[in-house]
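Presented below is the structure to which this report refers.
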Amino acid sequence: MFDRYIVCEEGFRALDDGRTGGVLEVRMPYYRGLALSMVEAVDLVLDGRPVPPQRTTFTVHGTTYRFDQLPHTTEDRWEMGERAQLAFETDEPLAPGEHEVTVAVRLRISYMPVPGGGRDSKRLTLAA
């Protein structure tokens with residue numbers, strides 16, 4: 001339902017901490033907020049190449065988590081409409097210009113017998 005809003009068109013940038021990679025902003029593809037323990041995965045494909053979850057982090061309201069921490073994070077939530085930052089590392093610096101970004105979010109929703117979530121792809125431009 002909210003798939004086309006997952007990847008935010010603004011906020012795409014290179015990491016600024018000396019590592020190679022980037023940051024993009026994503027939204028929850030569900031009409032309610034959920035505890036982070038209910039976020040099973042936020043998978044990223046950059047320019048046709050999957051980025052391993054071990055090379056990504058998830059930041060919501062200023063707190064950064066590795067994906068192996070989320071199953072145990074019951075005291076923090078990702079609210080509907082709230083932008084979270086997905087930071088990722090790459091082997092080479094990101095080139096300025098357009099990049100194809102695909103994000104798939106898998107959610108565990110208590111009353112649904114199948115996983116929830118969604119998938120969105122956009123062409124984002126990295127400034128020089």
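- Summarising the geometry, atom OG1 belonging to T64 is positioned 10.0 Å from atom CZ belonging to F58; distances are rounded to the nearest 0.5 Å.
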Could you tabulate the donor-acceptor pairs under 3.5 Å formed by side-chain atoms of residues 40-47, not counting sequence neighbours?
from : atom 1 : to   : atom 2 : distance (Å)
E40  : OE2    : R108 : NH1    : 3.1
D43  : OD2    : R106 : NH1    : 2.7
D47  : OD1    : E100 : N      : 2.8
D47  : OD2    : H99  : ND1    : 2.6

Item checked: Residues W78, L36; criterion side chain to side chain contact (heavy atoms under 4.5 Å, CB included); working and verdict -> CA-CA 6 Å; W78 187 16; L36 295 182; 3.8 Å; yes
Show me the donor-acceptor pairs, under 3.5 Å and distance only, between side chains in residues 6-17 and residues at least two apart or in other chains.
from : atom 1 : to  : atom 2 : distance (Å)
E10  : OE1    : R83 : NH1    : 3.0
E10  : OE1    : R83 : NH2    : 2.8
R13  : NH1    : G11 : O      : 2.9
D17  : OD1    : R19 : N      : 3.1
D17  : OD1    : R19 : NE     : 3.3
D17  : OD2    : R19 : NE     : 2.8
D17  : OD2    : R19 : NH2    : 2.8

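- Qualifying salt bridge (charged side-chain N to carboxylate O under 4.0 Å, His left out) partners for R27, counting only residues two or more places apart in sequence or in other chains: none.
- Counting all heavy atoms, side chain and backbone alike, G118 lies closest to P29 at N-CG, 3.9 Å.
- Closest of all the heavy-atom pairs between V60 and R77 is CG2-O, 3.8 Å.
- T74 and S37 get closest at one heavy-atom pair: CG2-OG, 3.8 Å.
- Screening L24, V23, T57 for a side-chain contact (heavy atoms from CB on, under 4.5 Å) with F88, the sole residue that qualifies is L24.
- For E98, the salt bridge (charged side-chain N to carboxylate O under 4.0 Å, His left out) partners two or more places apart in sequence, or in a different chain, are R123.
- The main-chain N or O of T90 is found under 3.5 Å from a side-chain atom of T20 such that the two form a donor-acceptor pair.
- The two residues P53 and F67 come nearest to each other via the heavy atoms O-CD1, 4.1 Å.
- Residues meeting the side chain to side chain contact (heavy atoms under 4.5 Å, CB included) test with H72, sequence neighbours left out: none.
- Between the side chain of K122 and the backbone N or O of R4, at least one donor-acceptor pair lies under 3.5 Å.
- H61 and E79 are not linked by any side-chain donor-acceptor pair at a separation below 3.5 angstrom, with hydrogens and angles left out of the test.
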Next item on the list: Under the side chain to side chain contact (heavy atoms under 4.5 Å, CB included) rule, what do T102 and R119 come out as? Steps first, then yes or no, please.
Entry: CA-CA 7 Å; T102 299; R119 180 184 186 91; 3.6 Å; yes
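- The salt bridge (Lys or Arg N to Asp or Glu O under 4.0 Å) analysis of residues 52-67, with sequence neighbours excluded, yields the pairs R55-D91, R66-D68.
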Note to self: The test is side chain to side chain contact (heavy atoms under 4.5 Å, CB included); show your working for L126 and L124 and say whether it passes.
What the structure shows: CA-CA 7 Å; L126 183 65; L124 301 180; over 6 Å; no
Notebook entry, point to check: Checking side chain to side chain contact (heavy atoms under 4.5 Å, CB included) for the pair Y30/V105: CA distance, chi angles, key distance, verdict?
Noted result: CA-CA 10 Å; Y30 183 58; V105 179; over 6 Å; no
